[in-house]
Number of protein chains: 2
Amino acid sequence: MSGRRPLDPTRDARILDAVLELLAESGYVSMTMDAVAARAGVSKATIYRRWRNKREIALAAMTRYHGAQTAWSVDTGTFRGDLLAHVHRFAEVLGGFGGRLAVGLVQARASDPDLLDELDARFSSGARLAPEVVERAVARGEVTAPVDHRLFEEVVASVMFMRWLWRLPLDAAFLAHVVDDLAMPVLHARGKGAS
Amino acid sequence: MSGRRPLDPTRDARILDAVLELLAESGYVSMTMDAVAARAGVSKATIYRRWRNKREIALAAMTRYHGAQTAWSVDTGTFRGDLLAHVHRFAEVLGGFGGRLAVGLVQARASDPDLLDELDARFSSGARLAPEVVERAVARGEVTAPVDHRLFEEVVASVMFMRWLWRLPLDAAFLAHVVDDLAMPVLHARGKGAS
């Protein structure tokens with residue numbers, strides 16, 4: 001159509017940011033296209049020209065969110081120190097926007113299970129271990145390649161997310177317990193401080 | 001008061017069962033005292049004579065639910081076999097009423113966090129390992145006492161609940177992976193079939 005306006009990437013980003021905010025604030029179930037339009041300051045027609053429905057726009061917003069996540073890396077000199085810094089950082093993510101967003105999405109389990117099935121990155125993506133952290137640990141002889149980092153990420157993310165979800169303590173003592181008694185044995189790691 | 005009727009335990013049980021059904025069907029947030037009364041076939045006044053509010057009746061219902069759970073025990077001859085049977089059974093609980101009930105409760109995190117704080121038994125109670133399973137494993141030399149069964153229960157329950165919550169596969173291959181690569185290393189167990 002000759003009258004069709006060109007796509008406006010700034011406006012698209014504003015709409016998807018509005019979706020993320022609403023998902024984190026009140027969750028997927030109560031999110032409406034009207035609320036998205038109001039929050040982004042655009043008309044509903046503008047939104048429907050780009051996305052067909054609530055599920056589609058939520059998936060687009062999540063893809064944008066995960067694309068913006070930068071791999072996080074730390075070098076404390078030991079594998080145990082790196083893992084400890086890693087779980088502390090994940091606890092901060094959970095205590096902030098990341099945790100609220102996950103709860104907002106998980107609401108969809110009963111009302112729109114297809115949304116969860118179509119998500120590319122799920123709960124454990126925030127617990128991803130940077131490859132160089134593992135490479136350095138292998139080089140130092142603290143761990144033997146190949147490292148099952150997927151199991152590590154899933155286990156650590158699950159235990160921490162569940163504690164957060166049920167409002168159980170996620171303090172420094174518990175995080176050290178996760179590293180020493182869970183992460184290190186699962187990764188068959190040897191290192192200072194591991195039992 | 002002389003006109004007050006004696007407590008009717010059958011009626012109390014019917015009311016608390018109605019609460020559990022509603023929690024599992026539509027969750028804590030949308031559960032109303034009207035719905036509880038209608039489901040149990042009693043008046044709202046009857047309910048309010050026993051419980052002050054929604055949180056109190058939900059806590060009473062959960063206490064009743066956990067009290068009715070019998071400790072589950074199995075003896076396959078090996079610790080690995082027992083753990084495998086254990087995680088298969090927990091997967092069945094998750095796939096049934098237990099999983100729906102947990103999701104219904106967790107909804108309260110945003111609207112009524114005190115409910116979660118006051119729950120005695122939380123998500124991992126369904127993954128509790130019977131003491132005799134551990135005692136037999138110690139007797140057979142497959143594991144060394146003391147066994148950190150609380151860490152085992154929390155980790156296994158978290159990983160499985162999270163998979164179930166996000167609709168990721170919980171098939172036989174994954175359950176064997178949980179036992180061999182997660183539970184056995186965490187429990188420092190040696191046994192047939194463990195890698």
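First the proteins, then the strands, lettered A, B, ... as listed; each starts at 1.
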**B/Leu116 vs A/Leu168, side chain to side chain contact (heavy atoms under 4.5 Å, CB included): CA-CA, chis, key distance, verdict** = CA-CA 9 Å; B/Leu116 300 191; A/Leu168 292 164; over 6 Å; no
Can you tell me how far [atom2] of [Y] sits from [atom1] of [X], rounded to the nearest 0.5 angstrom?
| X | Y | atom1 | atom2 | answer |
| --- | --- | --- | --- | --- |
| A/Ser158 | B/Met160 | OG | CE | 11.5 Å |
| B/Trp166 | A/Phe161 | CH2 | CZ | 5.5 Å |
| A/Leu119 | B/Arg167 | CG | CZ | 11.5 Å |

**Request:** Go through the atoms of A/Phe174 and report whether side chain, backbone, both or neither lie under 4.5 Å from a heavy atom of chain B.
**Result:** side chain
**Asked** Taking it one step at a time, do A/Met162 and B/Glu154 satisfy side chain to side chain contact (heavy atoms under 4.5 Å, CB included)?
**Response** CA-CA 9 Å; A/Met162 284 295 279; B/Glu154 176 163 357; over 6 Å; no
**Message:** Taking side chain to side chain donor-acceptor pair (under 3.5 Å) as the definition, give me every residue that meets it alongside A/Arg150, ordered by chain and number, with sequence neighbours left out.
**Reply:** none
**Asked** Which of these, B/Val155, B/Val186, B/Leu151, sits in a side-chain contact (heavy atoms from CB on, under 4.5 Å) with A/Asp181?
**Response** B/Leu151
Donor-acceptor contacts under 3.5 Å from residues 90-107 of chain B side chains, at least two apart:
from	atom 1	to	atom 2	distance (Å)
B/Gln107	OE1	B/Tyr28	N	3.3
B/Gln107	OE1	B/Val29	N	3.1

**Item:** Closest heavy-atom pair and its distance - B/Asp148, A/His177
**Value:**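 Scanning both residues completely, I find the closest heavy atoms to be OD2-CE1, 3.7 Å.
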